[in-house]
Amino acid sequence: MIAGAGPVGLVAAANLVGHGVPVTVLEGNAGLSEESRASTFHPPTLDMLDRLGVAEPLIAQGLIAPQFQYRSKRDGLIAQFDFKAIADATAHPFRLQCEQSRLTRILLDRLRHSDNFEIVFSSPVCGATQTADGIEVTVMRDGRMETETARWLIGADGARSETRSALGVEFEGFTWPERFLVVSTPFDFHGVIKDLVSVNYVADPQRWHFLLQIPGIWRIMFPIAAGESDALALSSDFAQSLMTQLVPGIDRYEIVHVTLYRVHQRVAKTFRQGRAFLIGDAAHINNPLGGMGMNGGVHDAINLTERLAEVWHGSKGDAELDRFDRQRRLVTKEYVEKQSIQNKKNLETPGTEFLDRLAEIAADARKTREYLLAVSMISSLERARELG
Ligand SMILES: Cc1cc2nc3c(=O)[nH]c(=O)nc-3n(C[C@H](O)[C@H](O)[C@H](O)COP(=O)(O)OP(=O)(O)OC[C@H]3O[C@@H](n4cnc5c(N)ncnc54)[C@H](O)[C@@H]3O)c2cc1C
């Protein structure tokens, strides 16, 4: 049984069903989420989705971004990286810019045809109790509590995971004082910023931003200081005032969407408790710089379900499942958490140390390769394998 039909829960379901394991997904909402959130798929995530047969339709709906850039507000382009340099390590040497809601739709369309798959909407999980040979899951339906049983439960029910609460697992970490504002506009930045690519990080000690393109739209993310109120941050004048700092001479943008996020860095104290597991945002959340939240969640889902399928079919024993917790939790702590915090510091710290280091990496083929293996999360997967 899987709680949550987000990208991570549905990838877990698809991999289990693909291995002949029957799955029921309980989704709290009445349908799949339309929310505009993750929009970057990294190369190894695309490799995994390819094995599930869904990379091709996803790529058809997205935008292929072979390069990304670091810029500074003061000096413009500092370094450009091309995933071509790691084309021997992945079948998809690019980032795919595409909304996560596209992936969930593609996965559900595929899964619906399987006899081994069931999804029940409007069924929030609100409790879980371990028994000797299974798990009893409490679900709220039409205002009434019902109990269902499963052999295993995967909590993929997002940052506020009820599964995590029901298991009493601590969500250790902190919340950043600043929030992040995402402004969406159809404005054509390629026409006004020379040599711009689809993924661009712009450092500035006063107010950094990143500029990401998805089909038909650009998203610009800015930090909002603790002293700037939510009401101010969400006003259209404020968004316009931030946007006017992007390109000299352009002082009005068509803004189609503004969203304000609180940003956390938290990792669950354990990803496994008996017959229950936590994956994706239920297990870890981080700031979105580097696009590692959903990608890391997909990596959790594949790591866990490969092992769970073997245990289900009897070819491996229960101890195999502890390896999921060991590998994914350590990699999340060592890599995703550290790297996402560092990414934020790099963009906001005064001085040119980080930008100088980047320019040096970009000028050296061996350093570029190492750097790209890290930012694409390939190194984190290698590290997980090393942990055994
Ligand atoms: C602005 C922004 C930009 C981002 N950009 C990126 C990016 O580019 N790349 C990246 O990798 N990540 C990014 N992220 C993070 C990414 O969105 C999340 O990591 C991702 O959504 C996690 O997927 P998930 O399936 O674990 O959880 P969710 O997407 O939150 O899905 C959880 C599902 O569980 C359901 N649910 C909740 N409670 C219950 C319950 N009690 N019972 C049953 N179902 C329940 C929810 O309705 C939902 O359908 C970004 C996040 C933000 C906010």
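Computed over heavy atoms, backbone and side chain alike; hydrogens, waters and symmetry mates excluded. Order of appearance sets the numbers: ligands from 1, and atoms from 1 within every ligand.
Remark: minimum distance from atom 44 (N) of ligand 1 to any protein heavy atom is reached at Gly28 N, 3.0 Å. Here the protein heavy atom with the shortest distance to atom 30 (O) of ligand 1 is Arg37 NH1, 3.2 Å. For atom 12 (N) of ligand 1, the nearest protein heavy atom (residue, atom name, distance) is Met294 N, 3.0 Å. The protein non-hydrogen atom at the shortest distance from atom 1 (C) of ligand 1 is Tyr261 CE1, 3.3 Å. In terms of protein heavy atoms, atom 16 (C) of ligand 1 is closest to Gln100 OE1, 3.6 Å. Given atom 34 (O) of ligand 1, the protein heavy atom at minimum distance is Gly4 CA, 3.3 Å. Given atom 35 (C) of ligand 1, the protein heavy atom at minimum distance is Glu27 OE1, 3.2 Å. Annotation: atom 31 (O) of ligand 1 to nearest protein heavy atom, Gly6 CA, 3.5 Å.
Counting heavy-atom neighbours within 6.0 Å of Arg326 CZ, excluding the residue itself, gives a total above 12.
Counted by atom type alone, Thr175 and Arg266 present one or more donor-acceptor pairs between their side chains at under 3.5 Å. A donor atom on one side chain and an acceptor atom on the other are not found under 3.5 Å apart for Arg219 and Ser184. Between the side chains of Thr244 and Asp251, no donor-acceptor pair of N or O atoms lies under 3.5 Å. Side-chain atoms of Arg37 and Ser101 form no donor-acceptor pair, as typed in the model, at a separation below 3.5 Å. Checking Asn286 against His264 by side-chain atom types alone, no donor-acceptor pair falls below 3.5 Å. Gln97 and Thr40 are linked by a side-chain donor-acceptor pair at a separation below 3.5 angstrom, with hydrogens and angles left out of the test.
The one candidate from Tyr201, Phe94, Tyr371 that meets the ring-ring contact (aromatic ring centres under 6.0 Å, His included) condition with Phe81 is Tyr371.
In Leu26, the part holding a heavy atom less than 4.0 Å from any atom of ligand 1 is the backbone. Only the backbone of Ala156 comes within 4.0 Å of ligand 1, judged by heavy-atom distances. Contacts with ligand 1 closer than 4.0 Å are made by backbone heavy atoms (N, CA, C, O) of Met292 only, the side chain lying farther away. Contacts of Ala38 with ligand 1, taken as heavy-atom pairs under 4.0 Å, involve both backbone and side chain.
Remark: ligand 1 and Asn295 share an N or O pair separated by less than 3.5 Å (distance only, no angle test). The N/O atoms of Asp281, backbone and side chain alike, include one that comes under 3.5 Å of an N/O atom in ligand 1. At least one N or O atom of Thr40 sits closer than 3.5 Å to an N or O atom of ligand 1.
At least one heavy atom of Ser39 sits under 4.0 Å from some atom of ligand 1. Under the 4.0 angstrom criterion for non-hydrogen atoms, Gly297 is not in contact with ligand 1.
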* To do: Verify side-chain hydrogen bond (donor to acceptor under 3.5 Å, both in side chains) between Gln69 and Gln80, making sure each step is shown before the conclusion.
  => CA-CA 4 Å; Gln69 291 184 349; Gln80 173 166 310; 2.8 Å; yes
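Of all the heavy atoms in Ile193 and Arg71, the pair that sits closest is CG2-NH1, 3.6 Å.
Under a 4.0 Å criterion applied to the non-hydrogen atoms of Gly280, ligand 1 contributes the atoms 26 (O).
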